[in-house]
Amino acid sequence: METLIEIPSVSEEMADKMKKHVDQLTKPVGSLGQLEEIMVRLAAITGEMFPELHQKAVVIFCGDHGVAEEGVSAYPQEATALMIQSFDRGKAAINLLAKRAGAELCVVDVGSKLEEVPESVVSARVRKGTRNFCVEKAMTEEEVMQAIQTGRKTVCKLREKGVRLLAVGELGIGNTTAGAAVASALTGMEVKRMTGRGSGLSDSAYAHKCRVIEKALLRHRPDPDRPLEVLAQVGGLEIAGMAGAYIGAAENRMPVITDGFISTVAALAAARWKPEIKSYLFASHASVEPGHSVILKQLGLKPLLHADMRLGEGSGAALAMPIFETAVTLAREMATFADLGLAGPSA
């Protein structure tokens, strides 16, 4: 499953240059908190002191899950198709959030069961939903790689159009089950620690969901050192597509914002395969899904927002997008101590 992928290193020289500049802005050192970290990291990623980020995109990968047959969601599997159609009509939350952020919305069907894909949706379907991973592997290794390559190619096309800042999200009934299974497999954490109530399960339905995941992990015995195999065993097509998007962003020196639990699980899988991509990742928010904090810690990411969200769709990532442009504006336009004829802060 290996393929030739070269991830460029971020510029430590540019990071040091920006850090010195940030410390000379007219404010106490460190007083802008994570905004200062964003300024420094954006310079390192892009190789520019003040990168222009006005062209932004939110990309959503959609897929259905065979494990939905086990009754792990409060919604029927048909809801995936209905939500894709809602994206097409511009009526979903992410349509409005992306518009508010000034970002292009790119919806990619990498594995739904929708019979007729709307014209506004990129049709890149690997297959109509994954297999039921309680019975067999969710995907073949070739299908995983095809979904990953779809994610990479999607980001490359967006970069060619001028996109400089990316947010990544997902859609798919049953995908919190797949996300929790992948998370448990990669981290070795117990299933209940990584599993939430997803679309709003009752106590009994939640207990059933945990048993389904435990059964699948016992069946496949995934190896955390083989992340692509883990995706094939218990993952999802949209999860693999997101993993490919993170890799594509890093290849193109693009800062990329994760969304909630499933989006971040995909980032962890990608980082386990290609550790260099971690330098390009930013966390938008802290989901109320219980495993999210664990995955963020494993990636070394700090969420920018705490809004008790768990929608998916890239909603939290879109909400965080304006923070990045604000950070660049502050770095570029704030006065320095030298501008005021003052000495900078003492060591």
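- The hydrophobic cluster containing F337, built from Ile/Leu/Val/Met/Phe/Trp/Tyr side-chain heavy atoms closer than 4.5 Å, also comprises L340, L342.
- In this structure, M145 and W273 approach most closely via the heavy-atom pair CE-CH2, 3.9 Å.
- Within a 6.0 Å sphere centred on NZ of K17, other residues, nucleotides and ligands contribute 12 heavy atoms or fewer.
- Contact record, G200 with A74: O-CB, 4.2 Å, taken as the closest heavy-atom pair.
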- Go through the steps for D23 and K19 under the test salt bridge (charged side-chain N to carboxylate O under 4.0 Å, His left out), then give the verdict. CA-CA 6 Å; D23 287 347; K19 179 65 169 64; 2.7 Å; yes
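- For the pairing with E251, the salt bridge (charged side-chain N to carboxylate O under 4.0 Å, His left out) check across K153, R152, R159, K274 returns one residue only, R152.
- With values rounded to the nearest 0.5 angstrom, L165 atom CG is found 7.5 Å from L42 atom CG.
- Proximity of a side-chain donor or acceptor of N252 to a complementary backbone N or O of M254 within less than 3.5 Å is not detected.
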- Check the pair R127, D64 against salt bridge (charged side-chain N to carboxylate O under 4.0 Å, His left out), reporting the backbone distance first and the verdict last. CA-CA 9 Å; R127 55 173 286 120; D64 276 309; over 6 Å; no
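- For the residue pair E238/H65, the side-chain donor-acceptor check at 3.5 Å is satisfied.
- Here I94 contributes atom CD1 and E170 contributes atom CD; the two are 10.5 Å apart, rounded to the nearest 0.5 Å.
- No side-chain donor from either of Q34 and K302 sits under 3.5 Å from a side-chain acceptor of the other.
- T176 is listed as a side-chain neighbour of I262, based on a closest heavy-atom distance under 4.5 Å.
- Between the CD atom in E276 and the CD atom in E6 there is a gap of 10.5 Å [rounded to 0.5 Å].
- Smallest separation of non-hydrogen atoms from E313 and I60: O-CD1, 3.3 Å.
- Distance alone, capped at 3.5 Å, places no donor-acceptor pair between the E104 side chain and the C106 backbone.
- Checking each of T177, N175, I213 against V72 for a side chain to side chain contact (heavy atoms under 4.5 Å, CB included) leaves exactly one that passes, namely T177.
- In this structure, CD on E116 lies 9.0 Å from CD on Q85, to the nearest 0.5 angstrom.
- In this structure, the side chain of N95 engages the main chain of A92 through a donor-acceptor pair within 3.5 Å.
- Looking at heavy atoms from C-beta onward, P224 lies out of side-chain contact with V230 at the 4.5 angstrom threshold.
- The backbone N or O of G316 lies less than 3.5 Å from a partner atom in the side chain of D259, making a donor-acceptor pair.
- Proximity of K137 to E143: side-chain heavy atoms (C-beta onward) are nowhere separated by under 4.5 Å.
- Taking Ile, Leu, Val, Met, Phe, Trp and Tyr as hydrophobic and joining them when side-chain heavy atoms fall under 4.5 Å apart, one finds Y75 in a cluster with I173.
- Taken to the nearest 0.5 Å, the CZ atom of R253 stands 10.0 Å off from the CZ atom of R164.
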- Query: Does the salt bridge (charged side-chain N to carboxylate O under 4.0 Å, His left out) test come out yes or no for E325 and K56, once each step is laid out?
  - Reply: CA-CA 10 Å; E325 289 182 281; K56 306 176 289 295; 3.0 Å; yes
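- I295 has its side chain within reach of M194: a pair of non-hydrogen atoms, C-beta onward, lies under 4.5 Å apart.
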- Task: Just do the salt bridge (charged side-chain N to carboxylate O under 4.0 Å, His left out) check on K27 and E36 with the steps written out, would you?
- Result: CA-CA 11 Å; K27 59 172 182 56; E36 297 188 21; 2.9 Å; yes
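- Under the 4.5 Å side-chain heavy-atom criterion for ILVMFWY residues, no single connected hydrophobic cluster contains both V168 and L311.
- No side-chain donor-acceptor contact under 3.5 Å links R332 to the backbone of M49.
- Judged purely by atom type and a 3.5 angstrom limit, K209 uses its side chain to pair as donor or acceptor with the backbone of G196.
- The backbone N or O of G63 sits nowhere less than 3.5 Å from a side-chain atom of S112 that would complete a donor-acceptor pair.
- Under the 4.5 angstrom side-chain criterion for Ile, Leu, Val, Met, Phe, Trp and Tyr, V29 has no cluster partners at all.
- Side-chain N or O atoms of S184 include one that pairs as donor or acceptor with a backbone N or O of A180 at under 3.5 Å.
- To the nearest 0.5 angstrom, K113 atom NZ is 8.0 Å from T130 atom OG1.
- Side-chain contact between L32 and M334 is present, with heavy atoms from C-beta onward closer than 4.5 Å.
- For the pair A147 and L237, the tightest heavy-atom approach, listed with the atom from each and the gap, is CB-O, 3.7 Å.
- Under a hydrophobic-cluster definition in which Ile, Leu, Val, Met, Phe, Trp and Tyr are linked whenever side-chain heavy atoms come within less than 4.5 Å, directly or via other members, L201 and V191 are assigned to different clusters.
- For CZ of R193, the number of neighbouring non-hydrogen atoms (other residues, nucleotides, ligands) closer than 6.0 Å is greater than 12.
- Between L268 and T187, the closest side-chain pair of non-hydrogen atoms falls below 4.5 Å.
- Between R272 and Q298, the closest side-chain pair of non-hydrogen atoms falls below 4.5 Å.
- Of the possible polar contacts, one joining the T26 side chain to the A335 backbone as a donor-acceptor pair under 3.5 Å is found.
- In this structure, the side chain of H220 engages the main chain of F133 through a donor-acceptor pair within 3.5 Å.
- For the pair V117/R125, a side-chain contact is recorded, criterion being any heavy-atom separation below 4.5 Å from C-beta on.
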